[in-house]
Structure formats: C-alpha cells, structure tokens
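Just so we're clear, the structure is a prediction, and the values are computed from it rather than from any experiment. Each ligand, and each atom within it, is numbered from 1 in the order the structure gives. Computed over heavy atoms, backbone and side chain alike; hydrogens, waters and symmetry mates excluded. The chain is numbered in sequence order, starting from 1.
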Amino acid sequence: MTDMSIYLDNAATTSLHPEVFDAMKPWLTDNYGNPSSIHSYGRQARVAIEAARNNIAGLIQCASSEIFFTSGGTEANNAVITSATESFDIQHIITSPVEHHSVLHTIAHLEKTRGTNVSFVDIDQKGRINTDHLHDLLKDTPKTLVSLMEANNEIGTLTPLIMISEICKEHNAWFHSDTVQAVAHYAHNLNHLQIDGMSASGHKFHGPKGAGFMFISKRSRIRPFIYGGPQEHEMRAGTENVAGIVGFAKALDIAYDNMADDATYIQKLKNQMINSLSSAIKDVAFNGDLSNSLYTILNVSLPASESNQLVLFNLDLAGIAASGGSACSAGAVQESHVIKAIGADPNREVVRFSFSALNTEQDIKLATDKLASLYQELKTNRSGVPKEVRVNTKTEKPG
Ligand SMILES: Cc1ncc(COP(=O)(O)O)c(C=O)c1O
C-alpha cells in the first residue's frame, strides 16, 4: 500500500463541499421539522425547501414550479420517462445505446410492460448522435418521446441539446435529457431551451448523495410517479429530504459562482493528462469526442495486453482512484455497454479518469506516471499480482 491518495473518479461521485455541509447541518440537527407540519418547526423547513427551489430555478432559468425534488438522477430518469410515457400515451421512445442504465432499463421495462416501440438512434465511434437518423426516426411517428443524455458519463461526449430540442419540437416529440453529468458544469437556460424534462443529481458536483431534481416543463405536465402525500405539488409523494435539498441548492450556487474558472482549470488538468499519456504510452487512445466533451472526464484506452485487467486494481493499490470500462455481473466481466456501442476494440483496456477543481497538476502527474509505469510493468510481467487478488479486481462500476 501507499500513502498517496488521489481521487480521480469524480464522475462516480464527488466529495461534499464544506460549505454545503455547513448549510445542511442545521436541517439534520436543530431544525428537524417535517415540512408538511403546520407548526413553526415545519414552517421553517418548508421555507428552506422553497428557498432552495427558487434558488435553483433562478440559476437554470425556469419557473420554480417546474422543479420537483427527487432522491437523485436515477429516480428523476425513471420518473420523467415512465410518467411522460403514461401521461401522453407515448407509443414510440427514441433513445441512444450509450445512455445511463437508469434510462435504458426504464425504457426496456416500458417496452416489455406497455409494448412501447423503442428505437436507438445511430451514434458514431465518438458517441455522437446522428441527427439525420434522429430526423428519420421521428418522421411519421406521433406520440413519441426522445431521451438523449447531454454528457456521457463514461466517455464525456456532449450532445447538442439545443439542436436536438429543435428537432424534437419540429416533429412534436416530447424531449427528455439526462443532464446528470452536465448540470453545474455548464450553465443551462431553460427559458431558451425547448426541453420537456431533465434530470439532475447533487452528488456529481460536491452536493449530497440522495438529492436531485427533475425539471418538467409547465408546457407539459405529467402524472405523479410516486403516490402518497401532497408533497412536491403532488408530483412526488414522501417527506422531503430537507437537508439534501438545501445542500443541493448550495452546491449548485457554489458551482455557478466558480463555473468559468473551474471549467478552465479542470480542462487544463485534462489536457495535461492527454499530453503526458500520449508521450508516455505508445498507441494510447482516448474514447469519446475530445474536441467536444465534458471537461471533467477522460476515457483512456490502453493498447491490448493480457494483463490489462490489473491496471485499475494496481492503480488502487497505488492510492489512485479511477474507474474502469467493464462491469461485473454474476462473476463475469462484461464490456461496458458504452464502449461496446461505440465499437471500440474490446481487447483494449479502458480507464476513466474524472476530475474536479480539487485535483492538482501534481495529482495528474503522479497518476499519469503511475499509469505509464504500471502499463510497462504489466506488459512485461504478466503475473503482476497474486492470483487471489485478480478475483477481487471485478467490481461493479458506479456512475
Ligand atoms: C448520466 C447519469 N445519469 C444518471 C445517474 C444516476 O444518478 P444517481 O446516482 O443520483 O442516481 C448517473 C450517475 O450515476 C449518471 O452519470
């Protein structure tokens, strides 16, 4: 083991900002009222929730009545897609093969239970949407829902939301975007975006886990997803996560205050890693669209080698946290659906590094040096680690 500790897995989750923690604390301790209670404890909590909602709506430029708090991105994606499909009797859903599983599995469920037709829009080797194909898929299909993510969580490729929203409006389709990896990294102006639904999650930008929201345009109201009490304008029942909601709004506030500087700084770190790896490892490649991708994610593709699976594990042993491109289910390593969908060589090993403003140039240097030396070592010494350790290298990939 090593004393080094470098966290480069910020697309999976981020550390809680200390000011966010401070803002949340009173709602976990003294101010524990239920926001539905009419006494002063409850009223204080209600005021805090509505202040958070107004704050968020001001930042992303929508009406506060269009924001509904959820337990995070997964719930928001499930809720928006399922409820919109039921509310508008959607017959056809168009999505892409590189969406997050909370979108893909929801759509697969609707296909199975409702018989909804599902189409996958073509993407290219960089994960970019083929907009001509989207036009074709939308032709002559009424009652259609389109769900396309803004920023891919594995390879970082960005989707032009404005263009996609215009295509959807042209064809009268309902448009949802999983914006979980993009919110707080890019400014959204929903007044100028013809989007019907979108999803966000606080723990991707130094907010708390278990707190997110769905935006649902007032132009197209949908039915509730969770039934029960009248919370969230009867759209999402359940006692609100007051501390989580307050923390979410605070984290978004901080992110907006620092967005331009952080984006420049993080992009610089990403460029540093691209340049260093390119000179240190012959034939290294980067998955995704480097010319138009989320500045927080770099998906590194290492030349094929028999010991590749050990790279992540050895990075972890060296104190460097990153993510892989494979997931394990029932003991078998499966290729990531994103890496597969872009047609990448399955024999190459994928390591996803994802950055935050808390990372330093030194972090990047150490991680790059380690990856380069590890790669050489594993290439020449196939028995890199003991056998029992190899078994433990198979883990479920988050985020
Ligand atoms: C693109 C994308 N969508 C949805 C989610 C799910 O968000 P949450 O962890 O808040 O459920 C994630 C994160 O894992 C994500 O990266």
Polar contact flag for [X] and ligand 1 (N/O pairs, less than 3.5 Å):
X: His203; answer: yes
X: Ser102; answer: no
X: Ser201; answer: yes
X: Met149; answer: no

So, Asp196 and Lys169, do they make that salt bridge, N to O below 4.0 Å?
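Salt bridge flag = yes for Lys169 with Asp196.
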
Any idea which part of [X] is under 4.0 Å from ligand 1, heavy-atom wise: side chain, backbone, both or neither?
X: Val103; result: neither
X: Asp178; result: side chain
X: Lys209; result: neither

- [ ] Over all heavy atoms of both residues, which pair between Pro208 and Leu16 is shortest? Give the atoms and the distance, please.
- [x]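 Minimum heavy-atom contact is N-CD1, 3.5 Å.
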
All heavy atoms of Arg221 vs all of Ile216, minimum pair found to be NH1-O, 3.1 Å

Exercise. With a 4.5 Å heavy-atom cut-off, do His171 and His135 have their side chains touching?
Worked result: yes

Going by heavy atoms in the side chains, are Val246 and Phe248 under 4.5 Å from each other?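 Not touching, per the 4.5 Å side-chain cut-off.
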
- Message: For the residue pair His192 / Asn189, report whether a side-chain donor-acceptor contact shorter than 3.5 Å exists.
- Response: yes

Under 4.0 Å from a heavy atom of [X]: which atoms of ligand 1 are those, numbered in the order shown and with their elements?
X: Gly72; value: 10 (O)
X: Thr74; value: 6 (C), 7 (O), 8 (P), 11 (O)
X: Asn77; value: 3 (N), 4 (C)

For Tyr41, the hydrophobic cluster (side chain heavy atoms closer than 4.5 Å, chained through members) also holds Tyr32

Ligand 1 contact by Gly212, heavy-atom criterion under 4.0 angstrom:
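No, Gly212 has no heavy atoms under 4.0 Å from ligand 1.
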
Contact between ligand 1 and Lys204 is defined here as a heavy atom of the residue under 4.0 Å from a ligand atom; is it met?
yes

Sorted by chain and residue number, the side chain to side chain donor-acceptor pair (under 3.5 Å) partners of His185 (sequence neighbours excluded) come out as none

